[in-house]
Number of protein chains: 2
Amino acid sequence: MANIKSIAKLAGVSVTTVSRVLNNHPYVNEATRQKVQHIMEKEGYRPNSSAVHLIKGHTDRVGVIVPNSHPYFQAILSGVMDEAAKSGYGTLLYQSRYETQEEHKALQLLSTKQIDGLLFCSRALELEAIAAYAKYGPIVTCEYTENEQIAAVYTDHYEAFQKGMQYLIQHSHRAIGYCVGRADSASSQARYLAYKTLLHEHGEVLHPEWIFTNCTEIKDGIRVIDTLMKMEERPTALLVTGDEAAAGVILRAQALGLRIPEDLAIIGFDNLPISEALGLTTIDQHLQEIGREAFRTFYNSRNVEVKDIARSSKTVIPFELVERSSV
Amino acid sequence: MANIKSIAKLAGVSVTTVSRVLNNHPYVNEATRQKVQHIMEKEGYRPNSSAVHLIKGHTDRVGVIVPNSHPYFQAILSGVMDEAAKSGYGTLLYQSRYETQEEHKALQLLSTKQIDGLLFCSRALELEAIAAYAKYGPIVTCEYTENEQIAAVYTDHYEAFQKGMQYLIQHSHRAIGYCVGRADSASSQARYLAYKTLLHEHGEVLHPEWIFTNCTEIKDGIRVIDTLMKMEERPTALLVTGDEAAAGVILRAQALGLRIPEDLAIIGFDNLPISEALGLTTIDQHLQEIGREAFRTFYNSRNVEVKDIARSSKTVIPFELVERSSV
DNA sequence: GTGAAAGCGCTAACAT
DNA sequence: ATGTTAGCGCTTTCAC
């Protein structure tokens with residue numbers, strides 16, 4: 001295949017000149033430029049990125065690691081890509097399926113200089129294992145993290161959950177249950193705390209069986225309703241962290257004859273596309289903005305040394321309750 | 001940051017020796033290897049991939065382009081990744097959102113040698129535009145394509161649809177409608193042909209209003225039922241190309257009091273995870289196998305010249321009807 | 001406005 | 001078992 005040398009020879013110029021037209025350098029004679037460009041086209045010449053990255057010392061590309069392709073992560077991702085494009089950066093998507101091995105592979109993209117930085121939308125790996133790679137380039141998570149080598153952009157899940165609870169309480173609900181994703185995540189812990197605290201403040205007892213974990217997809221919402229229907233005492237309202245799961249709850253509940261919100265009130269999370277179609281009241285965490293800000297955080301710490309403060313910046317993105325008709 | 005030269009100096013050996021321990025070359029003195037490895041670790045040294053790719057002339061990585069993260073594409077992707085891993089290949093995921101500009105970007109990864117080949121799960125770009133890149137490396141599509149520069153691994157959609165129609169007809173259905181994804185895709189055309197032909201063979205008239213397009217997600221299935229309920233004359237069975245959309249159909253139909261399959265029979269496609277949860281009868285196209293075969297096709301034509309036959313191989317993957325309880 | 005030459009970090013003959 | 005050396009394809013001083 002053609003390379004810069006063969007193009008130079010064919011055009012009767014030096015490789016420097018070819019490089020100049022390649023990079024839209026000024027001070028290249030118009031006729032020369034035309035000629036070189038014509039030959040490039042004719043030869044189907046394209047610069048070898050490995051060579052370019054090697055000599056430039058960077059790739060102008062960030063990695064984004066998502067466990068799966070859930071709309072939640074797609075929303076963050078779209079924010080990242082959008083903001084990255086503005087700065088002339090490309091994004092390299094990496095799916096981990098929450099496997100630590102895959103996350104290690106993504107981190108190795110960073111250490112082997114295939115990407116300039118890495119953004120974690122979620123993680124399975126321990127913070128310390130991730131932090132060990134901070135010396136190779138900026139790492140940003142979209143979840144709260146204490147670690148001082150890793151920057152974070154996140155929602156205050158305690159407050160968001162509190163807000164949801166208060167809204168349900170205002171609407172006369174006392175028997176409230178909830179559904180979360182991974183049981184042991186930091187956000188789930190914050191939510192449990194908010195739940196327990198508010199229940200206690202209102203003198204309600206906590207029903208452990210009204211807490212559902214591993215709820216992320218529509219089928220999980222279906223499962224929740226099926227489980228709920230077998231209970232003698234049922235909640236009148238459900239806080240569901242994730243509109244997809246909430247959609248499953250609504251659809252299944254309706255399929256079984258329950259009216260929303262009269263028989264069961266629902267608050268979802270994330271304001272995903274499906275929530276609008278179903279009239280689902282939801283708490284919008286502004287996921288796209290989280291993605292945007294995560295990229296900006298990377299961008300601003302590109303040339304900053306590891307030890308520097310900027311690398312460990314923590315940014316809270318505000319949330320917002322979107323009222324529709326499910327409460 | 002450390003590079004091979006600094007490691008060599010620190011270890012008191014040549015860069016060749018460092019390179020040898022890096023690549024697990026035999027004929028390296030055990031003591032030397034230990035020493036070099038120790039220093040690498042201490043220095044946090046990782047080889048620069050751009051340099052490696054540059055000199056090797058390949059990246060051992062294929063690009064996989066998907067329009068979005070629909071479970072359909074995830075299934076193909078998992079087949080690709082699985083098979084790629086077996087051959088020591090990595091995968092580079094690229095989301096196009098069916099935007100030609102994004103597909104061009106992915107193709108440029110190929111022409112600039114960031115990937116060794118490119119697999120299209122679906123496409124927005126015209127075949128000719130894609131074929132123009134075939135000279136840079138093997139391109140494989142997971143849809144039927146005539147082009148002789150592009151290999152293809154696909155389902156015979158005419159036969160699959162025929163099979164579904166026949167199954168419904170065997171179950172006494174005559175009023176049959178269907179839902180497809182993109183209206184103008186090759187597969188949609190094949191399906192329309194199968195539909196028209198079978199209807200004609202059984203002396204049935206074609207109801208254009210029973211043909212729904214742009215049905216890929218759950219919300220689309222919801223829409224279909226909502227539209228259907230407003231019709232005076234309704235089909236008794238629906239063929240839905242995509243289990244997600246079929247799930248929406250089922251859930252919404254049940255929510256509105258219809259019984260499946262008594263009031264409405266459904267056949268889905270793809271045998272996606274959700275179909276099992278809903279007892280959905282579906283036509284399994286073996287998407288994962290399509291992905292696997294797509295990678296193998298790339299792999300086998302790696303070192304083959306463009307002009308060669310292997311590049312344009314066409315492989316049909318057989319489908320299978322999975323009987324559950326929605327018909 | 002153009003070119004010669006050095007070098008990015010690595011691998012792989014070839015020599016010893 | 002180890003080292004010397006010549007590139008891979010490109011960008012970038014520096015000189016003219």
TODO: Using a strict cut-off of less than 4.0 Å between a Lys/Arg side-chain nitrogen and an Asp/Glu carboxylate oxygen, indicate whether R302(B) and D116(B) qualify as a salt bridge.
DONE: no

- [ ] Round to the nearest Å and state the distance from K9(B) atom NZ to dT2(D) atom C1'.
- [x] 18 Å

Open item on the list: Heavy atoms only, 4.0 Å cut-off, all strands: where does T32(A) land among base, sugar-phosphate and nothing?
Closed with: sugar-phosphate

Open item on the list: Given the ring of Y133(B), does R46(A) sit roughly above its face, with NZ or CZ under 6.0 Å from the centre of the six-membered ring and within 45° of the axis?
Closed with: no

Open item on the list: When you compare the side chain of Q95(A) with that of M81(B), does any pair of heavy atoms fall below 4.5 Å?
Closed with: no

- [ ] Could you tell me whether E289(B) and R296(B) have a side-chain N and a carboxylate O separated by less than 4.0 Å?
- [x] yes

- [ ] Specify the closest pair of heavy atoms between Y45(A) and A2(A), including all atoms of both residues, with the distance to one decimal.
- [x] CD1-O, 3.7 Å

Open item on the list: Run the side-chain contact (heavy atoms from CB on, under 4.5 Å) test on E143(A) and F120(A) for me, step by step, so that the C-alpha distance in whole Å, both residues' side-chain angles and the decisive distance to 0.1 Å come before the verdict.
Closed with: CA-CA 8 Å; E143(A) 291 174 324; F120(A) 273 83; over 6 Å; no

Task: Toward the 5' end of DNA chain D, by each residue's nearest nucleotide, K113(B) or P26(B) - done: P26(B)

Open item on the list: Closest-nucleotide mapping onto DNA chain D: is E30(B) or A2(A) further toward the 5' terminus? I mean the 5' end.
Closed with: E30(B)

Enumerate all atom pairs, one protein N or O and one N or O from nucleotides 12-16 of chain D, separated by less than 3.5 Å.
unit_1	atom_1	unit_2	atom_2	d
dT12(D)	O4	T16(A)	OG1	3.3

Open item on the list: Angle between the two end axes of the helix from dG1(C)-dC16(D) to dT16(C)-dA1(D), five base pairs per end, rounded to 10 degrees?
Closed with: 40°

Task: K35(B) NZ - dA1(D) C1' separation (whole Å) - done: 15 Å

Task: Outermost DNA chain C nucleotides near chain A [under 4.0 Å, heavy atoms] - done: dG1(C) to dG9(C)

Open item on the list: Could you check whether any side-chain heavy atom of T59(B) comes within less than 4.5 Å of a side-chain heavy atom of K113(B), counting everything from C-beta outward?
Closed with: no

Open item on the list: Nearest whole Å is fine: how far is dT11(D) P from L54(A) CG?
Closed with: 11 Å

TODO: Respond yes when some side-chain nitrogen or oxygen of N3(A) is under 4.0 Å from OP1 or OP2 of dG9(D), and no when none is.
DONE: yes

Open item on the list: Working to the nearest 0.5 angstrom, can you tell me the gap between I39(A) CD1 and L10(A) CG?
Closed with: 5.0 Å

- [ ] Indicate the atoms forming the closest heavy-atom contact of T145(A) with L127(A), along with that distance.
- [x] CB-CD2, 3.7 Å

Task: Salt bridge flag under 4.0 Å for residues E103(B) and R97(B) - done: no

- [ ] Report yes or no: do Q37(A) and E41(A) form a side-chain donor-acceptor pair below 3.5 Å?
- [x] no

